[in-house]
Protein chains: 2
Amino acid sequence: MPIKVSIIEDHKPFRESLIYIFSSTEGFVLGNAFSSIEEAMESMEYCDLILLDINLPGLSGIEGIPLLKNKFPEVKILILTIFEDDDNIFKAILNGADGYILKKTPPLRLIQAIEDAVMGGSPMSPVIAKKTLDLFKKYAPVKEEEDFGLTDRENEILSCLVNGLNNDDISDKLFISIQTVRNHIKHIYEKLHVHSKSQAVIKAIRQGIF
Amino acid sequence: MPIKVSIIEDHKPFRESLIYIFSSTEGFVLGNAFSSIEEAMESMEYCDLILLDINLPGLSGIEGIPLLKNKFPEVKILILTIFEDDDNIFKAILNGADGYILKKTPPLRLIQAIEDAVMGGSPMSPVIAKKTLDLFKKYAPVKEEEDFGLTDRENEILSCLVNGLNNDDISDKLFISIQTVRNHIKHIYEKLHVHSKSQAVIKAIRQGIF
DNA sequence: CGTAAAATGACCTATTTAGGTTATTGAGCT
DNA sequence: AGCTCAATAACCTAAATAGGTCATTTTACG
């Protein structure tokens with residue numbers, strides 16, 4: 001079954017060459033081609049994958065991702081752009097892009113990337129992957145998880161704290177008395193070596209104990 | 001200039017086929033081949049890239065990354081493994097791997113990946129890339145930075161809170177009365193729409209206001 | 001069966017917070 | 001000169017929190 005690829009790209013010559021590729025490559029079928037998110041939202045038909053430019057008139061490609069995903073939940077979205085700055089990469093990922101390929105990618109690699117994305121992978125140009133990893137390192141919890149020896153219940157209560165609940169809320173939520181909540185919290189403080197709710201929450205978040 | 005590739009892989013048949021590939025592919029030269037980190041640390045010579053297995057006798061490949069990087073700062077390390085679980089991916093990235101490729105990758109793709117890595121990219125098998133992005137989304141600050149309109153002083157105090165200080169500490173640190181600290185905190189609560197120190201801290205951390 | 005750990009709950013006190021009001025000073029703007 | 005905002009600081013009350021001891025019940029382990 002051929003892969004049906006649609007294109008959202010406002011630069012006409014580039015759009016035309018993409019159209020050419022997918023009309024003439026075995027295993028692929030051309031879907032629709034648009035030059036803006038707005039047009040695509042109005043008249044796009046079902047397809048397997050959308051090649052999406054970022055710099056578009058009106059809504060940007062990045063803003064378009066959630067809209068397109070909402071209308072076609074199954075479709076894969078592959079960002080195809082010249083931008084390789086952290087901010088665009090970051091936002092594309094968080095908005096749900098399934099891959100991020102640079103326009104300078106040779107056709108063979110582009111074809112591979114599309115196949116990978118349709119198979120459930122997340123192809124990225126190597127430079128993009130590098131920046132993604134760097135961003136990852138920047139935001140990932142720094143240390144490896146220390147084991148504070150919290151019990152299941154204590155973890156449950158700590159997680160409530162991280163969600164911003166106060167003792168009363170937790171008492172209601174877990175159907176235990178507020179005294180018990182306080183008791184658990186005391187034990188959590190001892191084990192985490194902290195002396196306040198804020199500090200416990202900070203330590204939990206930083207250590208990746210959600 | 002050919003790319004010199006060394007191999008650390010304890011499974012002999014697989015090691016042999018890798019050796020065969022790099023002895024016979026144009027543009028590549030075989031460096032050393034070892035079956036453990038310990039051996040490699042002892043007698044490895046300079047090379048451009050190391051193909052590194054994870055499951056090794058003695059030190060694991062992941063543990064070996066920083067050691068190898070320390071001895072050969074310029075070398076690229078490409079993880080080549082059957083493991084595709086979050087934990088290994090996560091640790092490999094944080095330890096400084098330059099790429100992460102699955103053993104089932106066909107030779108052509110492996111060759112491409114090595115070239116990408118040497119060029120400064122971070123090639124990853126699509127499945128790995130997908131998991132990396134999912135991990136990324138999990139740990140990245142969720143929303144885009146809202147502007148809560150905090151003043152400089154309020155931001156300063158919020159940052160103290162995120163560092164776990166209580167009002168007394170802040171009062172001492174900033175040389176202002178505890179009343180003033182409380183006043184600023186009240187304003188912070190109003191602007192962040194929260195009602196406790198924990199919630200303010202949570203919101204600050206999640207929003208990336210450190 | 002006894003012991004240890006975990007979960008539950010209570011009582012006590014001192015301190016900290018939260019949520020108000022009010023006021024003064026200085027900077028910046030019109 | 002008048003206005004607003006930020007920063008400073010004080011006062012008040014009620015509620016929440018921290019830190020401590022003690023006790024009961026259930027569960028898990030040897």
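By convention in this document, chain letters (A, B, ...) are assigned in the order of the sequence lines, proteins followed by strands, and residues within each chain are numbered from 1. Hydrogens, waters and symmetry mates play no part in the numbers below; they use all other heavy atoms, side chains included. Note that the coordinates shown come from a computational prediction; the quantities given were computed from them, not determined experimentally.
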> Would you say the side-chain atoms of Thr81(A) pair up with the backbone N or O of Leu102(A), donor to acceptor, closer than 3.5 Å?
Replying inline: no
>> Quick test of your reading: applying salt bridge (charged side-chain N to carboxylate O under 4.0 Å, His left out), list the pairs with at least one residue in residues 73-83 of chain B, sequence neighbours left out, ordered by first then second residue.
In response: none
> If we ignore angles and hydrogens, is there a donor and acceptor under 3.5 Å between the side chains of Lys197(B) and Asn166(B)?
Replying inline: no
> For the helix from dC1(C)-dG30(D) to dT30(C)-dA1(D), what angle lies between the axis at the first five pairs and the axis at the last five pairs, to 10 degrees?
Replying inline: 50°
> What integer distance in Å separates His184(A):NE2 from dA10(C):P?
Replying inline: 13 Å
> Are the side chain of Ser125(A) and the backbone N or O of Val127(A) linked by a donor-acceptor pair below 3.5 Å?
Replying inline: no
> In whole Å, what is the span from the CD1 atom of Ile188(A) to the P atom of dT17(D)?
Replying inline: 13 Å
>> Can you measure Glu190(A) atom CD to dA7(C) atom C1' for me and round it to whole angstrom units?
In response: 15 Å
>> Considering only residues two or more places apart or on different chains, which pairs with a residue in residues 148-157 of chain B satisfy salt bridge (charged side-chain N to carboxylate O under 4.0 Å, His left out)?
In response: Arg153(B)-Glu156(B), Glu154(B)-Lys191(B)
>> Any base atoms under 4.0 Å from Ser177(A), or only sugar-phosphate, or nothing? Heavy atoms, all strands.
In response: sugar-phosphate
>> Rounding to an integer number of Å, can you tell me how far Gln199(A) CD sits from dT17(D) C1'?
In response: 13 Å
> Does Thr180(B) place a side-chain N or O at less than 4.0 Å from the phosphate oxygens OP1/OP2 of dT8(D)?
Replying inline: no
> How close or far is atom C1' of dA18(D) from atom NE2 of His193(A), stated in whole angstroms?
Replying inline: 17 Å
>> Distance check needed: dA7(D) C1' versus Asn155(B) CG, whole Å only.
In response: 15 Å
> Taking it one step at a time, do Tyr100(A) and Ile54(A) satisfy side chain to side chain contact (heavy atoms under 4.5 Å, CB included)?
Replying inline: CA-CA 11 Å; Tyr100(A) 197 117; Ile54(A) 288 183; 3.5 Å; yes
Name the pairs: protein N/O against N/O of nucleotides 22-30 of chain D, kept only if under 3.5 Å.
none

> Do the side-chain N and O atoms of Glu39(A) and Ser35(A) include a donor-acceptor pair separated by under 3.5 angstrom?
Replying inline: yes
>> Show me the pairs that pass salt bridge (charged side-chain N to carboxylate O under 4.0 Å, His left out) and involve residues 44-64 of chain B, at least two apart or across chains.
In response: Asp53(B)-Lys103(B)
Using a cutoff of under 3.5 Å, can you pull out all pairs of nitrogen or oxygen atoms linking the protein to nucleotides 16-18 of chain C, with atom names and distances?
residue : atom : partner   : partner atom : Å
dT17(C) : OP1  : Lys197(B) : NZ           : 3.1
dT17(C) : OP2  : Asn167(B) : ND2          : 3.1
dT17(C) : O5'  : Lys197(B) : NZ           : 3.2
dA18(C) : OP1  : Tyr189(B) : OH           : 2.8
dA18(C) : OP1  : Lys197(B) : N            : 2.7
dA18(C) : OP2  : Tyr189(B) : OH           : 2.4
dA18(C) : N7   : Arg182(B) : NH2          : 2.7
dA18(C) : N6   : Arg182(B) : NH2          : 2.7

>> Would you say NZ of Lys71(A) has more than 12 non-hydrogen atoms from neighbouring residues, nucleotides or ligands within 6.0 angstrom?
In response: yes
> Tell me: NE2 of His187(B) to C1' of dA6(D), nearest whole Å?
Replying inline: 9 Å
> Is a donor on one side and an acceptor on the other found under 3.5 Å between the side chain of Ser159(B) and the backbone of Asn155(B)?
Replying inline: no
> For Gln179(B) and dA9(D), what is the distance between atoms CD and P respectively, to the nearest whole Å?
Replying inline: 9 Å
> Can you tell which of Leu150(A), Asn183(A), Leu174(A), Thr180(A) makes a side-chain contact (heavy atoms from CB on, under 4.5 Å) with Ile157(A)?
Replying inline: Leu174(A)
